[in-house]
Trainee: 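Right, I'll just put the structure down here and ask away after.
Below, chains carry the letters A, B, ... as their sequence lines are ordered, and counting in each starts from 1.
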Amino acid sequence: DGGITQSPKYLFRKEGQNVTLSCEQNLNHDAMYWYRQDPGQGLRLIYYSQIVNDFQKGDIAEGYSVSREKKESFPLTVTSAQKNPTAFYLCASVAPGTGANVLTFGAGSRLTVL
Amino acid sequence: AQSVTQLDSQVPVFEEAPVELRCNYSSSVSVYLFWYVQYPNQGLQLLLKYLSGSTLVKGINGFEAEFNKSQTSFHLRKPSVHISDTAEYFCAVTGLGGGYNKLIFGAGTRLAVHP
């Protein structure tokens, strides 16, 4: 079945360490997104990519980095510059030509900084 | 720019009772509207969407929502809830127009269905 796979589901990190969250999709979607979810704040956009080798900052990009070398993959790196990285991270994608931003989400990765 | 306000952070309800989750939006342009559901420790799943046409939109799991342009609202309703409907519900909006239009999410409403 087609879908979005995020890994790992749970991740613990010490302060000062970088960590990379994986997002892979087999839906043949062009556009991919990373959101951060904190309790009571909804979802906030970190980065998005509408095409391979191109990506744009979202609302809270500071302390994060991404790459889009393949259509299927959009990894997110949480760097040591991110001051409060403990959160639930969601990857999503949009089918081409929908024009309506109907997002398909992965199951999420929960990052905890110790 | 668009914004979304979900008026209730938590809604407790008894099983088989009706429920309404409220959502108001603001936008200077025409919009598309969405409701997503999130079960614990999972991603979001699309419940329903309004793109155009009939203002009453039916979705999965017996949910429906009504787009009210004059009141800038998109409230979600279900006539009889089940324990399995316990989840967090997010309203979202995106503006129409040229270029990339970002999807803006509300803060979420936690629906707790009690036996």
Side-chain angles (χ1 to χ4, degrees), chain A residues 3-11 21 23-25 27 30-51 54-61 87-112, chain B residues 1-11 21 23-25 27 29-53 57 59-60 67 74 87-110:
Chain A
I4 298 178
T5 301
Q6 290 188 240
S7 62
K9 189 165 180 65
Y10 299 96
L11 185 60
L21 307 180
C23 177
E24 302 280 333
Q25 54 101 355
L27 298 166
D30 289 314
M32 297 186 73
Y33 304 79
W34 275 105
Y35 287 91
R36 171 180 171 139
Q37 185 178 16
D38 296 282
Q41 294 192 46
L43 277 69
R44 293 181 290 168
L45 182 64
I46 305 172
Y47 268 98
Y48 64 97
S49 168
Q50 293 184 278
I51 196 169
D54 185 54
F55 48 83
Q56 307 295 329
K57 292 183 179 179
D59 299 316
I60 56 165
F88 191 51
Y89 291 89
L90 288 159
C91 180
S93 67
V94 173
T98 61
N101 280 348
V102 179
L103 294 169
T104 299
F105 283 87
S109 292
R110 187 170 298 280
L111 173 63
T112 302
Chain B
Q2 290 78 43
S3 67
V4 178
T5 302
Q6 292 186 241
L7 296 160
D8 305 293
S9 60
Q10 297 185 61
V11 173
L21 306 184
C23 173
N24 285 94
Y25 70 93
S27 177
V29 300
S30 297
V31 295
Y32 294 144
L33 293 154
F34 307 83
W35 276 99
Y36 284 86
V37 60
Q38 183 181 35
Y39 299 102
N41 291 311
Q42 294 187 27
L44 277 68
Q45 178 184 1
L46 181 68
L47 264 182
L48 49 80
K49 61 183 183 290
Y50 171 78
L51 305 182
S52 65
V57 180
I60 62 171
F67 171 54
F74 191 54
E88 189 149 22
Y89 293 79
F90 292 93
C91 183
V93 63
T94 187
L96 277 64
Y100 171 69
N101 292 295
K102 188 170 58 176
L103 191 60
I104 307 296
F105 287 87
T109 297
R110 189 170 298 276

Trainee: For A:Ala107 and A:Lys9, which heavy atoms make the closest approach, and how far apart are they?
Mentor: O-NZ, 3.8 Å

Trainee: A:Leu90 and side chain to side chain contact (heavy atoms under 4.5 Å, CB included): which single residue from A:Leu21, A:Ile4, A:Leu43 fits?
Mentor: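 That would be A:Leu43.
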
Trainee: Is the positively charged end of A:Arg110 above the ring of A:Tyr10, judged by distance under 6.0 angstrom from the centroid and angle within 45° of the axis?
Mentor: no

Trainee: With chain A as the partner, which of B:Thr109, B:Val4, B:Asn41, B:Leu44 has the greatest number of non-hydrogen pairs under 4.5 Å?
Mentor: B:Leu44

Trainee: Among B:Ala92, B:Gly108, B:Ala107, B:Ser9, which has the most heavy-atom pairs under 4.5 Å with chain A?
Mentor: B:Ala107

Trainee: Where on B:Gln6 is there a heavy atom nearer than 4.5 Å to chain A: the side chain, the backbone, both, or neither?
Mentor: neither

Trainee: Which of parallel (below 30°), tilted (30 to 60°) and perpendicular (above 60°) describes B:Tyr32 and B:Phe34?
Mentor: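 B:Tyr32 vs B:Phe34 ring planes: perpendicular.
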
Trainee: Which region of B:Tyr36, side chain (C-beta onward) or backbone (N, CA, C, O), has a non-hydrogen atom less than 4.5 Å from a non-hydrogen atom of chain A, or is it both or neither?
Mentor: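 Side chain only.
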
Trainee: Kindly say whether B:Val29 contributes a backbone atom to a donor-acceptor pair with the side chain of B:Ser27 at under 3.5 angstrom?
Mentor: yes

Trainee: Classify the angle between the aromatic ring planes of B:Phe74 and B:Phe67 as parallel (below 30°), tilted (30 to 60°) or perpendicular (above 60°).
Mentor: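 Perpendicular: the ring planes of B:Phe74 and B:Phe67 meet at over 60°.
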
Trainee: Quick one: which of A:Arg44, A:Gln37, A:Gln6 has the most heavy-atom pairs under 4.5 Å with chain B, could you say?
Mentor: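 Winner by heavy-atom pair count: A:Gln37.
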
Trainee: Of the backbone (N, CA, C, O) and the side chain (C-beta and beyond), which part of A:Asp38 lies under 4.5 Å from a heavy atom of chain B, both, or neither?
Mentor: neither

Trainee: Examine whether an atom of B:Leu46 lies under 4.5 Å from a heavy atom of chain A, and if so say whether it belongs to the side chain, the backbone or both; otherwise answer neither.
Mentor: side chain

